[in-house]
Amino acid sequence: MSTNTAARAHVTNFIRNIIDTDLAGGKVKGVVTRFPPEPNGYLHIGHAKSICLNFGLARDYGGRCHMRFDDTNPVKEDTEYVDSILDSVKWLGFDWGEHLYYASDYFEKIYEFSEHLIKNGKAYVDSLSADETRELRGTLTEGGKESPYRTRSVDENLALFRRMRAGEFADGVHVLRAKIDMNSPNINMRDPVLWRIRHAHHHRTGDKWCIYPMYDFTHAISDAIENITHSICTLEFEDHRPLYDWAIENTPCRSSASRPHQYEFARLNLSYTMLSKRKLIELVETNLVDGWDDPRMPTLVGLRRRGYTPEGIRMFCDRIGVSKADSWIDVSVLEECIREDLEHRALRRIAVLDPLKLIIDNFPEGQSEECFAPNDQSRPELGKRIVPFAREIWIERDDFMENPPKGFFRLQPGGEVRLRYGYIVKCVSLDKDGAGNVTAVHCTYDPLTKSGSGTEQRKVKGAIHWLAAAHAQQFEVRLYDRLFTVEEPGTARDYKQDMNPHSKKIISGYGEAALVDAKPEERFQFERLGYFVADSKDSKPGKPVFNRTVGLKDSWAKEKAKG
RNA sequence: UGGGGAGUCGCCAAGCGGUAAGGCAGCGGAUUUUGAUUCCGCCAUACGUAGGUUCGAUCCCUACCUCCCCAGCCA
């Protein structure tokens with residue numbers, strides 16, 4: 001976690017400016033942030049932005065970041081989610097130390113503060129139905145009307161509120177509301193609900209409570225209790241800020257002289273992706289994907305299984321910055337980050353995923369010869385391994401063209417190409433099936449051109465990868481692609497119609513023998529193809545399954561597309 | 001036509017009255033047994049629009065335009 005601090009030193013954004021000012025002016029003496037997810041789903045790349053922001057600020061300013069679950073709605077929350085959230089934050093590379101909290105641990109205090117509000121005439125028990133409450137709330141352009149229960153006495157409110165807690169009422173019968181201003185132009189200030197009755201089992205407090213506090217109230221108080229200095233959330237909470245301040249100022253919740261302040265930043269929007277928790281849950285529950293950790297999911301567990309690294313994701317978060325402007329980041333930025341990270345850490349291996357037989361006519365049948373391939377050409381210290389050369393080999397179908405366009409410098413009739421780490425071969429003839437499809441390419445090799453032999457004087461423009469047919473191992477390979485075909489799925493129509501029918505393609509490919517021992521989550525660069533990871537769930541000892549994380553940049557594909 | 005926000009290069013994003021950082025993408029070139037990587041170079045007389053204040057404005061003022069968020073007993 002100490003890497004890139006120099007590179008990060010110049011990073012600035014409006015939140016860092018606020019912190020700098022607060023620190024310089026003595027408003028705060030240190031930085032305490034928090035990451036407050038609700039345990040009702042799995043974390044996704046959008047949460048990573050928030051995690052990197054909050055934990056990154058704590059790290060860079062020598063403060064701390066609390067991990068806190070905003071678990072105020074028992075019907076949506078579950079320990080399955082808290083476990084995975086904790087695991088994902090840890091995996092991303094952040095550490096909350098001793099500071100793991102649950103808003104539900106504050107229920108008793110929040111309850112006390114609520115009685116305090118009632119005693120001060122700042123909260124009342126309302127007995128309107130949800131529908132009636134909505135009607136009286138008014139609209140965006142018109143003020144609301146006060147509830148007939150708004151004038152109940154302190155004693156009556158107190159008694160009713162205690163009976164609510166005691167479980168004497170059914171769900172929805174009463175609610176505790178803040179007494180603020182039904183005519184406020186800010187709808188959040190029109191006597192917001194503070195507590196509601198929910199006879200539901202809570203993942204942590206069990207059946208201790210049958211009333212649960214609302215987010216706005218709970219969050220502000222939780223921040224104050226934990227002495228959070230900078231409470232950073234997303235833009236949609238901007239007009240909740242007056243309520244956040246109201247809760248802190250009207251309640252004896254502060255344990256120190258200073259109080260937390262809320263700041264809002266723009267949430268992440270990623271093209272060709274969906275980051276709505278509700279929709280992600282739907283994808284999982286309707287089996288449109290294979291679970292939360294489906295490698296096509298933008299969830300942290302999905303990205304992990306896809307082969308993304310914490311470093312790559314953090315690089316992405318650093319790269320996109322933080323501001324208040326609504327913005328869309330193209331997924332290619334994410335993809336480029338993982339390439340950049342893997343480029344310097346993934347060992348190189350050879351695989352042929354769309355095989356075409358190549359026969360070397362002048363190489364003796366039944367023989368093979370050792371060739372050596374470096375584990376990473378840019379890091380010779382990592383050594384090399386043997387790749388056998390033989391008469392019959394597999395090459396990538398894309399690397400041969402019978403009638404190539406201009407600029408194609410791979411194998412073609414009469415042309416030469418280097419078999420990487422092996423010999424230069426020349427295409428002399430073709431085998432075809434009845435339909436005219438090429439079934440095998442015949443070549444001759446030049447014995448003087450062996451890589452590393454010292455006799456390889458000649459150079460040719462093209463170099464392709466290959467695998468001796470008799471030695472190649474077969475592996476299941478999953479070629480993943482974007483889950484959606486449009487930049488903003490679900491905007492023009494139902495997102496299900498925007499799904500990419502080819503987002504997952506399972507094939508059987510050939511790989512070199514060294515791949516047999518790949519351990520789950522081990523990442524490789526399959527030369528000239530892309531980055532692949534041994535699947536963490538379906539790989540078996542000696543029988544890894546590979547997921548394509550991302551392809552290599554392909555300027556030839558771009559060239560071809562231009563025409 | 002209520003309230004709260006945002007508009008700086010294709011995509012992000014600095015800038016806080018003194019004459020437009022940086023990243024990504026793109027483009028050109030070099031190197032290359034990955035059409036990858038790496039390396040060099042280029043890439044906003046311009047900051048939503050129109051006025052105004054000022055010696056000077058992306059930064060201040062006025063008006064307008066566009067986009068986003070808010071009427072859960074969700075977070």
Side-chain angles (χ1 to χ4, degrees), chain A residues 10-14 17 36-38 40 70-73 75-77 126 128-131 133-135 137-144 171-177 184-190 192-198 212 214-216 218-219 233-242 264 266 271 277-278 318-330 332-333 336-337 339-340 343-344 348 350 373-374 377-378 407-410 417-422 424 449 451-452 456 459-465 525-530 551-560:
Chain A
H10 70 277
V11 169
T12 182
N13 57 50
F14 75 99
N17 291 343
E38 181 189 14
N40 69 342
D70 252 330
D71 53 353
T72 57
N73 187 354
V75 304
K76 289 188 175 176
E77 298 151 7
D126 198 0
L128 254 25
S129 70
D131 287 343
T133 304
R134 188 181 316 116
E135 275 165 35
R137 187 155 31 228
T139 67
L140 293 179
T141 52
E142 295 162 34
D171 289 5
V173 172
H174 301 294
V175 85
L176 185 75
R177 285 232 252 173
S184 172
N186 180 344
I187 290 178
N188 295 301
M189 297 301 271
R190 316 233 264 233
V193 170
L194 265 20
W195 288 79
R196 77 286 213 189
I197 300 171
R198 281 276 181 289
Y212 293 91
M214 299 288 287
Y215 163 82
D216 287 302
T218 305
H219 196 82
C233 60
T234 42
L235 253 27
E236 67 270 28
F237 292 103
E238 209 145 15
D239 44 19
H240 291 229
R241 197 165 65 218
E264 310 84 11
S271 68
K277 239 196 224 180
R278 203 207 91 229
D318 285 344
R319 191 165 285 184
I320 60 177
V322 175
S323 76
K324 299 193 68 149
D326 292 305
S327 60
W328 279 84
I329 307 291
D330 199 277
S332 62
V333 177
E336 184 50 28
C337 285
R339 281 193 199 99
E340 240 175 273
E343 160 73 22
H344 302 293
R348 263 107 258 225
I350 298 169
Q377 209 159 32
S378 65
F408 182 84
F409 52 73
R410 272 114 90 156
V417 78
R418 169 167 290 283
L419 294 176
R420 211 157 134 79
Y421 314 129
I424 290 177
T449 57
S451 293
E456 73 275 40
K459 287 206 181 277
V460 290
K461 179 76 174 158
I464 65 175
H465 60 280
Q525 183 197 90
F526 286 177
E527 292 191 22
R528 302 209 309 133
L529 294 176
L552 246 33
K553 256 192 236 171
D554 187 355
S555 59
W556 169 239
K558 207 157 68 178
E559 187 75 20
K560 267 191 303 189

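Just so we're on the same page: letters track the sequence lines, and every chain starts at 1.
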Review point. When you check every protein heavy atom under 4.0 Å of nucleotides 35-40 of chain B, what one-letter string (B, S, -) results, 5' to 3'?
Key: BSS---

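When each of B/C73, B/C69, B/A71 is scored by its nearest atom to the side-chain atoms of A/Asp239, the top-ranked nucleotide is B/C69. Closest contact between the side chain of A/Thr141 and the listed nucleotides B/C69, B/C12, B/G2 involves B/G2.
Within the nucleic acid shown, A/Leu128 comes within 4.0 Å of at least one base atom, counting heavy atoms only. Residue contacts shown for A/Ser129 include a base, since a base heavy atom lies under 4.0 Å away. Within the nucleic acid shown, A/Glu38 comes within 4.0 Å of sugar-phosphate atoms alone, with no base atom in reach, counting heavy atoms only. Backbone-only engagement by A/Ile320 is indicated by non-hydrogen atom pairs under 4.0 Å involving sugar-phosphate atoms exclusively. Backbone-only contact: A/Lys459 has heavy atoms under 4.0 Å from sugar-phosphate atoms and none from a base. Using a 4.0 Å heavy-atom criterion, one finds that A/Val75 contacts no nucleic acid atom at all.
We find that CZ of A/Arg418 is positioned 13 Å from C1' of B/U32, with the value rounded to whole Å. With rounding to whole Å, A/Asn186 atom CG is found 16 Å from B/C69 atom P. Going from atom NE2 of A/His240 over to atom P of B/C68 covers 18 Å, rounded to whole Å. Between the C1' atom of B/A21 and the CG atom of A/Asn17 lies a distance of 14 Å, rounded to the nearest Å. Taking atom CZ of residue A/Arg319 and atom P of nucleotide B/A25, one finds them 7 Å apart after rounding to whole Å. The CZ-P distance, from A/Arg134 to B/C70, rounds to 16 Å in whole Å. Per the geometry, CG belonging to A/Asn13 stands 15 Å off C1' belonging to B/C16, to the nearest Å. Rounded to a whole Å, the CG atom of A/Asp318 is 18 Å from the P atom of B/G22.
Taking 4.5 Å as the limit, some side-chain heavy atom of A/Leu552 sits within range of a side-chain heavy atom of A/Gln525.
Residue A/Thr139 places no side-chain N or O under 4.0 Å from the OP1 or OP2 atom of B/G2. Within the 4.0 Å cut-off from OP1 or OP2 of B/A75, not a single side-chain nitrogen or oxygen of A/Arg278 is found. Between A/Arg196 and B/C74 there is a side-chain N or O to OP1 or OP2 distance below 4.0 Å.
Taking a pair as Watson-Crick or G-U wobble with both distances under 3.5 Å, the runs of three or more consecutive pairs in RNA chain B are B:2-7 with B:65-70, B:10-12 with B:22-24, B:26-30 with B:38-42, B:48-52 with B:60-64.
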Output one line per pair: protein atom, nucleotide atom from nucleotides 5-9 of chain B, and distance, for all N/O pairs under 3.5 Å.
{"unit_1": "B/G5", "atom_1": "O2'", "unit_2": "A/Glu238", "atom_2": "OE1", "d": "3.3"}

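Checking A/Thr133 against A/Glu236, the closest nucleotide of RNA chain B that is more toward the 5' end is the one next to A/Glu236.
A donor-acceptor contact shorter than 3.5 Å is absent between the side chain of A/Glu343 and the backbone of A/Arg339.
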